[in-house]
Amino acid sequence: MLANYVPIYVMLPLDVVTVDNTLKDEDGIEQQLKKLSAAGIDGIMVDVWWGIVESKGPKQYDWTAYRSLFQIVQRCNLKIQAIMSFHQCGGNVGDVVNIPIPQWVLGIGEKDPDIFYTNKNGNRNRECLTIGVGNQPLFYGRTAVQMYSDYMKSFRESMSDFLESELIIDIEVGLGPAGELRYPSYPESQGWVFPGIGEFQCYDKYLEADFKEAAINVGHPEWELPDNAGSYNATPESTEFFGPNRTYLTNRGKFFLTWYSNKLITHGDQIMDEANKVFLGCRVKLAAKVAGIHWWYKDDSHATELTSGYYNLNDRDGYRPIARMLSRHHAIFNFTCLEMRDSEQIAAAKCGPEELVQQVLSGGWREKIEVAGENALSRYDRAGYNQILLNARPNGVNRDGPPKLKMYGITYLRLSDNLLNGNNFKIFKTFVKKMHADQDHCADSRKYGQCLDPLERSNPKLSIEDLLEATEPMKPFPWDKETDMSVGGALADFFDKFIEKITSILK
């Protein structure tokens, strides 16, 4: 049965290390982690904020607070998934604190605002740097990619003891807003509201010049970036690009969408290659996160996915090329929205989280890479947990060996007082047990099939043709209707509420 074990990690609060680089409430976090460890979780995930560590100036790194945190995690016998967070905290769904990218980088943006993602109206997004400056030496002689690489090198040097002891098992490399490989196409800070389709983010001078060159190279110098794709809160049918005119299906539209999505994949590929060089030989896994853009998934245009950079249509797979790119770096494909069900969404938004998860995970498995995931929004209910459990083992457990399909790991979003309180924590503990296929916590990952071998060098670079070959749509693997490791259903919820009521009366 141990072959069915799926490790479970818990995401720490966004500001566990504060914006002024101090560990917030050391005693409190240790008590919480001890409680989680006793509940059987395998480890934690934590954002390691660029805006905190390199805040004082170029190459002036201060890892002190994070070292203190990692020592606490080590004392609690938990493992660490560390996120190289090269983005701002604040402005995304669920962000309750504000941690900007380094002020000295923002200062460069005052003189050259085109270092930031820009929409067609010229609105700048200071959440992260545009991929257009990945190879531009604008940052005191360094390019954006060199800054990210130097940061990771410093992390490896400063955390060498934790890496050697295999406390740190995953390095998730931030590749865009919210750490995800995507464009910041739906920023709440600019007025976006669910289920708006978002906007393309390629109107900074660097990406504009790149597109112009690409158009000239294919003999169409007259082609411009889209100006008919609507605004953040538009619906697909209200725009010419996605709606009646279906610009996205014309030669010009296809060329733009291919360029837009390929730029994203190339960006991810370059930074993952740098990460691979930095952590070469370490017993860690690299990982990259892709967003679960589930609204308008059931619309023919897949508009929100397209503005995010995922060129996914009914006859074109936009996710398997990303999985193929990650496969060359021996990296994990981390996906979100595992807790969501179609029935919970508003019908008008044509959401398809269940089908989206099935498509993306199937694509990852077909590319022979590990797939991991997390919930997009905090949930404490049995229905949400059961959906995550179903996705973790889509065809259930196998009592005679490894299951047919199994995710590499699940990260629960996020540690809070709400999670650790009363009935919420009771259900969570059951969820942990079911994620482990009713086995006790297992500290030796080799026993459930996960060997942390030294990281090998990335395979040779893939051609665009190799990546585009993976766009051919394939039918997802079959999913069971329900998990065979349920934490209980509506009846259990009813009894919980009944007992809570009786307890409150007796008090």
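Nothing fancy with the numbering, it's 1 onward along the sequence.
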Run the side chain to side chain contact (heavy atoms under 4.5 Å, CB included) test against S362 and tell me which residues pass, sequence neighbours left out. R366, P476, F477, W479
Ignoring hydrogens and geometry, is there a side-chain-to-backbone donor-acceptor pair from S55 to I52 under 3.5 Å? yes
For the residue pair K56 and Y61, would you count it as a cation-pi contact if the rule is NZ or CZ under 6.0 angstrom from the ring centre and within 45 degrees of the ring axis? no
In terms of the angle between their ring planes, are W223 and F255 parallel, tilted or perpendicular, with boundaries placed at 30° and 60°? tilted
If the plane angle is over 60° it's perpendicular, under 30° parallel, otherwise tilted; pick one for F428 and F431. tilted
Verdict with supporting geometry, Q81 and T411, side-chain hydrogen bond (donor to acceptor under 3.5 Å, both in side chains): CA-CA 9 Å; Q81 298 175 315; T411 300; 2.9 Å; yes
Would R316 count as a cation-pi partner of Y311, with NZ or CZ less than 6.0 Å from the six-membered ring centre and within 45° of the ring normal? yes
Count the heavy atoms belonging to other residues, nucleotides or ligands that lie under 6.0 Å from CD of E222, then report whether that count exceeds 12. yes
Kindly assign one of parallel, tilted or perpendicular to the pair F200 and F241, based on the angle between their ring planes and the thresholds 30° and 60°. perpendicular
Working note: Q359 + Y297, criterion side-chain hydrogen bond (donor to acceptor under 3.5 Å, both in side chains); need CA distance, chi angles, decisive distance, verdict. CA-CA 11 Å; Q359 177 194 340; Y297 179 83; 2.6 Å; yes
Using 30° and 60° as the class limits, which term best fits the ring planes of Y385 and Y412: parallel, tilted or perpendicular? tilted
Can Y151 and Q146 be counted as having a side-chain donor-acceptor contact under 3.5 angstrom? no
Parallel, tilted or perpendicular: which describes the rings of W192 and W295, with under 30° parallel and over 60° perpendicular? tilted
Just do the side-chain hydrogen bond (donor to acceptor under 3.5 Å, both in side chains) check on Q201 and N119 with the steps written out, would you? CA-CA 5 Å; Q201 303 287 321; N119 71 358; 5.6 Å; no
Where does the angle between the aromatic ring planes of W50 and W104 fall among parallel (under 30°), tilted (30 to 60°) and perpendicular (over 60°)? perpendicular
Please check if the number of heavy atoms outside E482 that lie under 6.0 Å from its CD is greater than 12. no
Given K461, which partner from the list D273, D466, D269 fulfils the salt bridge (Lys or Arg N to Asp or Glu O under 4.0 Å) test? D269
Passes side-chain hydrogen bond (donor to acceptor under 3.5 Å, both in side chains), Y206 versus D112? Steps please. CA-CA 11 Å; Y206 300 103; D112 183 4; 2.5 Å; yes
